[in-house]
Amino acid sequence: MNTWLSIALAAAGGLLLAWLLVIAALLTVRPRGSLLTEAIRLLPDLLRLIPRLARDPSLPRGVRVRLWLLLAYLAMPIDLVPDFIPVLGHADDVIVVAAVLRAIVRRTGPQALNRHWPGTDDGLAAVRRLAGLPAMTNP
């Protein structure tokens with residue numbers, strides 16, 4: 001019986017440590033300043049952008065798989081960071097989306113993002129900043 005208690009406590013401790021590492025990672029990659037607020041406002045357009053990118057056959061398969069996994073995460077009713085935690089509670093979805101967008105843009109370039117963006121030009125400029133891209137220049 002004592003062995004089972006030790007195993008359960010070790011598993012609970014491991015899960016707690018993993019969760020704390022995830023929160024630390026989210027704090028590290030979160031958008032700075034007003035960009036987080038902009039990203040929250042753009043969430044509806046981002047939620048339309050992600051499936052469009054995921055269905056694009058010109059993108060590498062690994063990128064599309066990551067996008068579908070992101071959509072599954074966003075659809076889950078359970079978040080990595082509960083909503084009652086200040087600041088990160090409501091922003092964890094945006095932080096995860098920003099991290100995935102940055103990884104995808106690094107892998108595929110900004111053309112797919114520009115091609116599939118469903119919102120306004122100002123919204124695209126904010127998403128480009130969120131993905132770590134420079135502002136678009138006029139041709």
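All heavy atoms count here, side chains included; hydrogens, waters and symmetry mates do not.
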Interatomic spacing from [atom1] in [X] to [atom2] in [Y] - rounded to 0.5 Å:
X      : Y     : atom1 : atom2 : value
Arg52  : Asp45 : CZ    : CG    : 9.0 Å
Ile50  : Leu70 : CD1   : CG    : 4.5 Å
Ile104 : Leu53 : CD1   : CG    : 6.5 Å

Main-chain N/O of Thr120 paired to Trp117 side chain as donor or acceptor, under 3.5 Å: yes
Qualifying salt bridge (charged side-chain N to carboxylate O under 4.0 Å, His left out) pairs, either residue in residues 104-117, two or more places apart: Asp56-Arg115
Qualifying salt bridge (charged side-chain N to carboxylate O under 4.0 Å, His left out) pairs with a residue from residues 58-76, counting only residues at least two apart or across chains: none
Val65 with Leu71, same ILVMFWY side-chain cluster at under 4.5 Å: no
Hydrophobic cluster membership, Leu113 vs Trp68, 4.5 Å side-chain cutoff: yes
Test item: Arg55 and Leu67 side chains (from C-beta on) under 4.5 Å apart, heavy atoms: no
